[in-house]
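Chain identifiers are assigned alphabetically (A, B, ...) following the order of the sequence lines, protein sequences preceding nucleic acid strands; residue numbering begins at 1 within each chain. What you see below is based on every heavy atom in this structure, not just the backbone, and it leaves out hydrogens, waters and symmetry mates.
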There are 2 protein chains.
Amino acid sequence: MFSKSCKYGLRSVIFIAGQAGENKKVSLTAVASGIDSPQAFTAKILQQLTKSSIVNSTKGPYGGFFIRKEDLETILLSDVVSVFDGDSVYTGCGLGLSKCDAKSPCPLHDKFITIRANIKVMLNSSLAAILNSEAEENLMFLKR
Amino acid sequence: MFSKSCKYGLRSVIFIAGQAGENKKVSLTAVASGIDSPQAFTAKILQQLTKSSIVNSTKGPYGGFFIRKEDLETILLSDVVSVFDGDSVYTGCGLGLSKCDAKSPCPLHDKFITIRANIKVMLNSSLAAILNSEAEENLMFLKR
DNA sequence: GACATAAAAGACATATTTATCCTTTTTAAA
DNA sequence: TTTAAAAAGGATAAATATGTCTTTTATGTC
Ligand code: SF4
Ligand code: SF4
């Protein structure tokens with residue numbers, strides 16, 4: 001469904017967002033251990049996320065990665081996915097065909113449309129929505 | 001969604017099934033050009049499909065790949081997918097987590113369940129169903 | 001049996017994704 | 001100003017996916 005990078009990215013963002021309460025910053029080490037991912041690779045993931053300004057960062061002591069509280073509402077999961085996997089989720093064809101032509105659709109057309117619509121709905125969740133759906137600070141699921 | 005191998009596999013099977021009317025056999029060349037895929041790689045794909053006895057084959061002159069008419073009803077798209085991508089479609093986790101625990105689900109749990117259910121429905125289509133849904137021999141969509 | 005044809009099998013090649021390591025730059029605190 | 005913490009960047013390595021090529025094996029025709 002999503003690339004591994006994308007999954008780490010989603011988990012990273014959710015983890016960092018979980019700390020956004022007091023504008024707290026988290027270090028690379030904290031993120032990697034918080035989502036149980038390889039640290040060096042996670043560094044690259046976080047770089048991409050900061051370059052696309054989904055997360056912010058400051059260098060030096062007491063620095064780290066963070067997301068501002070007021071941004072939780074506006075950042076959508078789809079924003080994160082598009083950084084890593086582009087729009088393949090929406091345009092990708094179930095049979096690997098290059099064109100999806102609604103006029104002469106393949107036999108799976110309708111079913112694929114449904115699936116894509118579901119995915120779209122899911123990715124339209126804001127970070128705030130994700131966090132609210134869980135009991136306070138219970139982000140343990142990220143480390144499974 | 002599916003690996004490239006899997007997509008070639010699906011298209012190959014649908015193409016071969018389309019010829020199953022008269023128990024006709026099709027050569028590798030015919031398949032590759034019929035679904036517009038790299039020939040040498042398609043050979044590998046077809047090997048895997050015969051090894052898992054989804055398609056049959058005979059060597060030598062007048063040989064080729066074929067699917068028996070009576071098997072069109074029983075072969076499901078899910079059979080093909082599982083050859084190439086295993087059960088990752090069903091078990092794979094949207095966040096790349098190793099366990100999906102329904103007791104302490106992640107925030108995306110419900111939405112993912114829905115998506116997976118849709119995929120399951122789609123893959124439950126038999127080859128016969130796929131072929132019937134199209135006007136006779138109009139399998140041009142395979143070459144897009 | 002000799003020959004031609006077509007798939008099977010395995011060795012080889014390339015591309016992409018995933019992951020690690022090491023150095024440089026920035027920054028805050030002492 | 002020195003020092004240490006932390007991200008940024010570049011180079012590289014390992015793993016996987018994708019793709020090609022050559023040889024072997026089976027089978028129908030003559
Ligand atoms: S409907 Fe058919 S042609 Fe369109 S994207 Fe899906 S598989 Fe491809
Ligand atoms: S519901 Fe959550 S834990 Fe379960 S598979 Fe989906 S993302 Fe993973």
Side-chain angles (χ1 to χ4, degrees), chain A residues 1-13 15-16 19 23-67 81 83-86 88 92 96, chain B residues 1-13 15-16 19 23-67 81 83-86 88 92 95-96 98:
Chain A
M1 178 90 62
F2 304 125
S3 70
K4 227 164 173 181
S5 297
C6 186
K7 292 173 182 174
Y8 286 144
L10 284 167
R11 282 153 75 190
S12 296
V13 169
F15 179 80
I16 297 171
Q19 320 274 316
N23 283 340
K24 242 203 274 180
K25 291 168 199 158
V26 285
S27 70
L28 164 63
T29 318
V31 175
S33 95
I35 70 173
D36 195 31
S37 65
Q39 178 162 332
F41 191 60
T42 308
K44 293 298 177 196
I45 302 289
L46 292 173
Q47 260 178 55
Q48 291 184 72
L49 286 169
T50 52
K51 234 188 299 189
S52 40
S53 54
I54 288 176
V55 310
N56 308 99
S57 69
T58 58
K59 291 182 180 179
Y62 293 79
F65 300 92
F66 62 100
I67 295 176
V81 170
V83 167
F84 297 99
D85 291 356
S88 68
Chain B
M1 180 88 63
F2 303 126
S3 71
K4 226 164 174 181
S5 299
C6 187
K7 291 172 181 174
Y8 286 144
L10 284 167
R11 281 153 73 190
S12 297
V13 168
F15 179 80
I16 297 171
Q19 321 276 315
N23 282 341
K24 240 203 276 179
K25 290 168 199 158
V26 285
S27 70
L28 164 63
T29 318
V31 175
S33 93
I35 70 172
D36 194 32
S37 64
Q39 177 161 330
F41 192 62
T42 308
K44 290 291 179 197
I45 302 290
L46 292 174
Q47 261 178 53
Q48 292 184 71
L49 286 169
T50 53
K51 233 188 299 186
S52 39
S53 55
I54 288 177
V55 312
N56 308 101
S57 70
T58 58
K59 292 181 180 179
Y62 295 80
F65 301 92
F66 64 100
I67 296 177
V81 170
V83 166
F84 297 99
D85 290 358
S88 68
L95 294 176
S98 46

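- From the 5' end on, the contacts that DNA chain C makes with chain A at under 4.0 Å to a non-hydrogen atom open and close at C/dT18 to C/dA29.
- Checking B/Val55, B/Ile67, B/Ile16 one by one against B/Leu49, the side chain to side chain contact (heavy atoms under 4.5 Å, CB included) holds for a single residue, B/Val55.
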Write down the protein N/O and nucleotide N/O pairs, taken from nucleotides 7-10 of chain D, whose separation is under 3.5 Å; answer none if there are no such pairs.
residue, atom, partner, partner atom, Å
D/dA7, OP1, A/Leu28, N, 2.9
D/dA7, OP2, A/Leu28, N, 3.4
D/dA7, O3', A/Ser57, OG, 3.4
D/dA8, OP1, A/Ser57, OG, 2.9
D/dG9, N7, A/Lys44, NZ, 3.4
D/dG9, N7, A/Gln47, NE2, 3.0
D/dG10, N7, A/Lys44, NZ, 3.1
D/dG10, O6, A/Lys44, NZ, 2.6

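- Legend: ring pair (Phe, Tyr, Trp, His ring centres under 6.0 Å) pairs involving residues 24-60 of chain B, not counting sequence neighbours, sorted by first then second residue: B/Tyr8-B/Phe41.
- For the helix from C/dG1-D/dC30 to C/dA30-D/dT1, the axis fitted to the five pairs at one end and the axis fitted to the five pairs at the other end meet at an angle of 10° (nearest 10 degrees).
- The side-chain heavy atoms of B/Ile45 and B/Phe84, taken from C-beta on, include a pair separated by under 4.5 Å.
- The distance from atom CZ of B/Phe84 to atom P of D/dG19 is 13 Å, rounded to the nearest whole Å.
- Under the side-chain hydrogen bond (donor to acceptor under 3.5 Å, both in side chains) criterion, the residue pairs touching residues 37-52 of chain B are B/Ser37-B/Thr42, with sequence neighbours excluded.
- Scanning all heavy atoms of the two residues, the minimum distance from A/Val31 to A/Ser12 falls at CG1-OG, 3.9 Å.
- Where A/Ser5 and B/Tyr62 meet DNA chain C, the nucleotide closest to each residue was compared, and B/Tyr62 sits on the side nearer the 5' end.
- Contact detail for B/Cys6 and B/Asp85: the closest heavy-atom pair is CB-OD2, 3.5 Å.
- We find that CZ of B/Phe2 is positioned 19 Å from C1' of D/dT18, with the value rounded to whole Å.
- Looking at every heavy atom in both residues, A/Phe66 comes nearest to A/Ser57 through CE2-N, 3.9 Å.
- The distance from atom NZ of A/Lys25 to atom P of D/dA6 is 11 Å, rounded to the nearest whole Å.
- Across the protein-nucleic acid pair, B/Ile45 atom CD1 and D/dT18 atom P stand 8 Å apart, rounded to whole Å.
- Atom CG of A/Asn56 and atom OG of A/Ser53 lie 7.5 Å apart (nearest 0.5 Å).
- Considering only residues two or more places apart in sequence or on other chains, B/Ala30 meets the side-chain contact (heavy atoms from CB on, under 4.5 Å) condition with B/Val26, B/Ser27.
- Computed from coordinates, the B/Gln48 CD to D/dG19 P distance equals 13 Å when rounded to whole Å.
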